[in-house]
2 protein chains.
Amino acid sequence: MNDAVEGDGPHKGSASLSSSQQDYLKQIFLLNDTARGATTQLLAERIGVRPASVTGMLKRLAEEGLVERAPYRAVHLTETGRRIAVEIVRHHRLLEAFLSQTLGYRWDEVHEEAEALEHVISERFEQKVAELLADPDRDPHGDPIPTRELALEEDQHLRTLALLPKGSRGTIRRVTLQDQDALNLVERLDLLPGRTIEVAGTHPDGISLLAAGSRFLVPALLAAHLLVDVAPHPSSAPPKKREGAGRPVAHEQ
Amino acid sequence: MNDAVEGDGPHKGSASLSSSQQDYLKQIFLLNDTARGATTQLLAERIGVRPASVTGMLKRLAEEGLVERAPYRAVHLTETGRRIAVEIVRHHRLLEAFLSQTLGYRWDEVHEEAEALEHVISERFEQKVAELLADPDRDPHGDPIPTRELALEEDQHLRTLALLPKGSRGTIRRVTLQDQDALNLVERLDLLPGRTIEVAGTHPDGISLLAAGSRFLVPALLAAHLLVDVAPHPSSAPPKKREGAGRPVAHEQ
DNA sequence: AAAAAAAGTTAGCCGATCCTAATCGAGCTC
DNA sequence: GAGCTCGATTAGGATCGGCTAACTTTTTTT
């Protein structure tokens, strides 16, 4: 035996999957909603292994019926695989909320710890934390927490800051970054979820922002990861945007 | 790489030890204070592997300077090994207190979960929990929690119920059991830490006890794991807190 | 469309940890 | 003190998940 983690014990579907396997499923899930999909290379980067290792693991996961794949193509989760992945995403985000709210972690410290704990906590732990926090629906980064039934609300109306036209106003709702340095910068610029902003201008290298009276430049790399709830005010239409970048998200459960 | 756990990150000494290794060290530590010491067989039982596997792991641990051993003899921890072991014991007991007090786990549910989490939490987590609970010195089973500096107070004055003579009175302070069924029984008999009792008689198969007005038999197997704070005189007031005489004892390994 | 680049896969290997089966050693019995 | 028994060790193997190097397929460039 290796490190088959059974923090989950005799629960749902994640029983007897190693931390490693859980991690692959989670990353596949998270990448499936992006433009390029869950490619071998992206997975390798996210997970921190070499591409060859990814190919190997994907084979194993395919044998266990957790993913479906065609060689040289992006992988997809099966329904079973998706359920497990969402379960882990729930663990992760619930833990982030918990670490932040109950243990007083700083905003930028939660990710790493949750990363380690998510594979190990039991169903009971998940429940107790959910109770304690009264079923939160967002983690500290603004990411939606899947419900107990594993339904994941999508932020259809949020738009990435990078693509907003000059004059747009709105409220930052999500910060989809994990990098420590980037998070620090976001904090320093005071661009945390909840902050209302206005786009003062767009540049090739970023977005000029008006927030809290001051004006400053948000690097494009950062702006791409700030999801904004756009106010219907200036000239924009009511929230009804949906298929901006790709297929409907894989979650019919 | 395998499952080298780095929940601990760049801290003390436990950095880069696998969960498995951590577990061995912890069990060696726990067994070192017992009559037979940390023998291959006992370790195998506690850890849930075959004796041959223990021999193998002990060799690796010896190479890393964490244990000292002579073939066919019980193992001992080096100072480094001991430090890591105590660190993990601290994690475990702190987590048990936390699960019980903060998350509302039942008394008999905490062990299993702590077992999984103890290898994964960071130094920060440990600190935050210790703060939240105001540096508790006992876990829910009455086991002493090593201090931040890894000093472990010994319960020198506690005596096992199994060996008390008829007529003894005292207060149960520790329940050194982990087995779920046994714990349930302890709970059913209401023999949790804090309960005051009197030995009504001794039998080959157990101890006859007088507690809360009723009289019942405690099986010898159970009695051996109930540590009692014996009252100096039949009339002595039942000490509310724990021993006033105990002092922190640096654990000579 | 041919060549180059990038991405993915295969093959072979390694280390960690576990296992079973067989052998060895220590300590007690007679 | 010769056995015998039980605990400990060795030998040999399996699995998991990682790696490198070499090769194949897809995509991009010219």
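All of these numbers come straight from a predicted model, not from anything done at the bench.
For the pair Arg60(A) and Glu63(A), the salt-bridge criterion is not met [side-chain N within less than 4.0 Å of a carboxylate O].
When rounded to the nearest whole Å, the span between CD of Gln21(B) and P of dT17(C) equals 5 Å. What separates CZ of Arg73(B) from C1' of dG27(C) is a distance of 12 Å, to the nearest Å. Atom-to-atom, OH of Tyr72(B) to P of dT5(D) comes out at 18 Å; the value is rounded to the nearest Å. Separating the CD atom of Gln41(A) from the P atom of dT26(D) is a distance of 16 Å, rounded to the nearest angstrom. Separating the CZ atom of Arg36(A) from the P atom of dT26(D) is a distance of 17 Å, rounded to the nearest angstrom. For Glu45(A) and dA6(C), the CD to P distance is 14 Å, given to the nearest whole Å. For the pair Ile47(B) CD1 and dC19(C) C1', the computed distance is 15 Å after rounding to whole Å. Across the protein-nucleic acid pair, His119(A) atom NE2 and dG17(D) atom P stand 12 Å apart, rounded to whole Å.
Between Arg174(B) and Leu158(B) the shortest side-chain heavy-atom distance falls below 4.5 Å. Contact of the Asp23(B) side chain with the Glu115(B) side chain is registered, since non-hydrogen atoms from C-beta on lie closer than 4.5 Å. Side-chain contact check for Leu95(B) versus Glu113(B): every heavy-atom pair is 4.5 Å or farther apart.
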Check residues 177-186 of chain A and write down every donor-acceptor pair under 3.5 Å in which the side-chain atom is one partner and the other belongs to a residue at least two apart or another chain.
from, atom 1, to, atom 2, distance (Å)
Asp179(A), OD2, Asp181(A), N, 3.4
Asp179(A), OD2, Ala182(A), N, 3.1
Gln180(A), NE2, Asp108(A), O, 3.4
Gln180(A), NE2, Asp108(A), OD2, 2.7
Asn184(A), ND2, Asp108(A), OD2, 3.0

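The stretch residues 56-63 of chain A touches DNA chain C through Lys59(A), each having a heavy atom within less than 4.0 Å of the strand.
With Glu87(A) as the fixed residue, the side chain to side chain contact (heavy atoms under 4.5 Å, CB included) test singles out one of Arg83(A), His91(A), Arg90(A): His91(A).
OP1 or OP2 of dC18(C) sits under 4.0 Å from a side-chain N or O of Tyr24(B). Regarding contacts with the backbone of dT17(C), every side-chain N or O of Ser53(B) stays at 4.0 angstrom or more from both OP1 and OP2. Note on Arg69(B): a side-chain N or O is less than 4.0 Å away from OP1 or OP2 of dT9(D). Taking only side-chain nitrogens and oxygens, Thr39(A) never comes nearer than 4.0 Å to OP1 or OP2 of dA7(C).
Taking every side-chain heavy atom of Ser20(B) into account, dC18(C) is the closest of dG17(D), dC18(C), dT20(D). For Val49(A), whose side chain is taken as the heavy atoms from C-beta onward, the closest listed nucleotide among dT26(D), dC19(D), dG7(D) is dC19(D).
By the 6.0 Å contact criterion, CZ on Arg69(A) is enclosed, its count of non-hydrogen atoms from other residues, nucleotides or ligands being greater than 12.
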Checklist entry - How far apart are the C-alpha atoms of Val129(B) and Ile121(B), what are their side-chain angles, what is the distance that settles it, and do they pass the side-chain contact (heavy atoms from CB on, under 4.5 Å) test? => result CA-CA 10 Å; Val129(B) 165; Ile121(B) 65 172; over 6 Å; no
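Between Thr55(B) and Ala52(A), the residue anchored nearer the 5' end of DNA chain D, judged by the nucleotide with its closest heavy atom, is Thr55(B).
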Item to check | Pair pattern of DNA chain D in dot-bracket, where unpaired bases get dots and | marks partners in another strand, Watson-Crick or G-U under 3.5 angstrom | outcome: ||||||||||||||||||||||||||||||
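Using cut-offs of 30° and 60° for the angle between ring planes, the Trp107(B) and His141(B) rings count as tilted.
Looking only at distances, a side-chain donor or acceptor of Arg93(B) sits under 3.5 Å from a matching main-chain atom of Pro144(B).
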